[in-house]
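Below, read A as the first sequence line, B as the second, and so on, with proteins coming before strands; counting in each chain starts at 1. Predicted, not measured: the structure shown is a model, and the values here were computed from it. The basis for the numbers below is simple: all heavy atoms, side chains too, and nothing from hydrogens, waters or symmetry mates.
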Number of protein chains: 2
Amino acid sequence: MAEGDESGFLESYTLFLMAMASANVSAEFHRIAADQGLSVPEWRVLACLHDRKAASVTDLARLSLMEQSRLTHLIGRMQARGLVDRKRSSRNRRNVEVTLTPTGATLAADLVAQAKAHEKAAILDRLGAEDTRVFHDLLRKLMADPAG
Amino acid sequence: MAEGDESGFLESYTLFLMAMASANVSAEFHRIAADQGLSVPEWRVLACLHDRKAASVTDLARLSLMEQSRLTHLIGRMQARGLVDRKRSSRNRRNVEVTLTPTGATLAADLVAQAKAHEKAAILDRLGAEDTRVFHDLLRKLMADPAG
DNA sequence: AAGAAAAATATGAATTTTCACCTTTTTAAA
DNA sequence: TTTAAAAAGGTGAAAATTCATATTTTTCTT
């Protein structure tokens, strides 16, 4: 059997390709976030709240791809830095509503603008409009929980 | 301005879609890895070495999407658990060659088989062969470092 | 060939994340 | 309606990761 016959499992393992592509493209933007003093998880939280104004800890955890208790710790630090606020929901007193402070909101808006610019350069300009659409559709198909 | 007009930045932010799709699909398999007592980073290292027999710490870090010093620490733990071995390369004595132990190799082979089965169910059966090909092509395009 | 610069890995302290469990509040069942 | 079960968050100690830096070896420059 010749040397390169099996040619490697990873090279065509979809989960690896997804993780690698995601990590590579994201790393470009994460440098931008780091310049504003934000870690990746922090940026994710800001981006989520930019969209939704307020969210419960659990929702935020799901959206920002973190485990709940990790998010709780993170929110604590972000609150201490004056980026977010936290208060019990009046409707359901188990829930905690997380919101952006004015400082946080400004920073979030700023970063979101830069994210859009980066996305254009890193994705749209590389793949083109049509392929980008196709790409989004495929990703959305995979995001839907099969067990849902 | 109506309520849902802006419809959210994240919902169509490619980097978010990529991270979310990757996290969701991968989580399914990571449960399998966890059943064998492996964390995600550990599984990644085993998978890389399954492909390449031996790799330097730096190569392994790049392939397994980790920062070098994180990988060094991880390899130390995996070595203590008897999954990998480590020795200075004779060619270039700066390099350290990481290899699988027999135990590690068995575990890796086992997991890779399960990964292939999972991939079939989670990707191929969901997207179909043609779309999977298209998906891979798009991912590969994005993996290539634009600054390369 | 010396010395400077770069490359590969290791190290350890500081920070972050994980894990298991606790409390409180809401929902469901008997 | 009591109790039981589930859902949402928080906590703190243990474990993992990050960050800056040290060491060794190789590669470049002049």
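A:Leu65 places its CG atom 15 Å from the C1' atom of C:dT17, with the value rounded to the nearest Å. The CD-C1' distance, from A:Glu42 to D:dT17, rounds to 15 Å in whole Å. Taking atom CG of B:Leu60 as the reference point, atom P of C:dT9 lies 9 Å away to the nearest angstrom. Summarising the geometry, the separation between CE on A:Met66 and P on C:dT16 is reported as 13 Å, rounded to the nearest angstrom. Straight-line distance from the CG atom of B:Asn92 to the C1' atom of D:dT24: 11 Å, rounded to whole Å. Between the CZ atom of A:Arg88 and the P atom of C:dT23 there is a distance of 14 Å, given to the nearest Å. For the pair B:Leu71 CG and C:dA7 P, the interatomic distance rounds to 19 Å; values are reported in whole Å. For the pair B:Leu74 CG and C:dT11 P, the computed distance is 15 Å after rounding to whole Å.
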Report the C-alpha separation of B:Arg52 and B:Asp59 in whole Å, then their side-chain angles, then the decisive distance to 0.1 Å, and conclude whether the side-chain contact (heavy atoms from CB on, under 4.5 Å) test is met.
CA-CA 11 Å; B:Arg52 327 176 106 233; B:Asp59 285 353; 4.2 Å; yes
Take B:Phe135 and A:Val134, measure what side-chain contact (heavy atoms from CB on, under 4.5 Å) needs, and give me the verdict at the end.
CA-CA 9 Å; B:Phe135 190 44; A:Val134 169; over 6 Å; no
From CA spacing to verdict: side-chain contact (heavy atoms from CB on, under 4.5 Å), A:Val98, A:Met78
CA-CA 11 Å; A:Val98 185; A:Met78 293 180 75; over 6 Å; no
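Nucleic acid contact class of A:Ser69 (heavy atoms, under 4.0 Å, all strands): base. Within the nucleic acid shown, A:Arg93 comes within 4.0 Å of sugar-phosphate atoms alone, with no base atom in reach, counting heavy atoms only. Across all strands, B:Thr72 comes closer than 4.0 Å to base atoms (heavy-atom distances).
Among the nucleotides C:dT25, D:dT25, C:dC19, the one closest to the side chain of A:Glu67 is C:dC19. Nearest nucleotide to the A:Arg77 side chain, out of C:dT16, D:dA8, D:dG12: C:dT16.
Nearest heavy atom pair, residue A:Glu42 against residue A:Gly37, reads OE1-O, 3.9 Å.
Taking 3.5 Å as the limit, the base of D:dT18 and the side chain of B:His73 contain a donor-acceptor pair of atoms between them. With hydrogens and angles left out, the side chain of A:Gln68 and the base of D:dA8 share no donor-acceptor pair within 3.5 Å.
Side-chain N/O atoms of B:Asn95 include one lying less than 4.0 angstrom from OP1 or OP2 on C:dT9. Contact check, A:Arg86 against D:dG10: a side-chain N or O comes under 4.0 Å of OP1 or OP2.
A salt bridge does not link A:Lys116 to A:Glu119: none of the charged nitrogens lies less than 4.0 Å from a carboxylate oxygen.
For the pair A:Val96 and B:Arg70, both in contact range of DNA chain D, the more 5′-proximal nearest nucleotide belongs to A:Val96.
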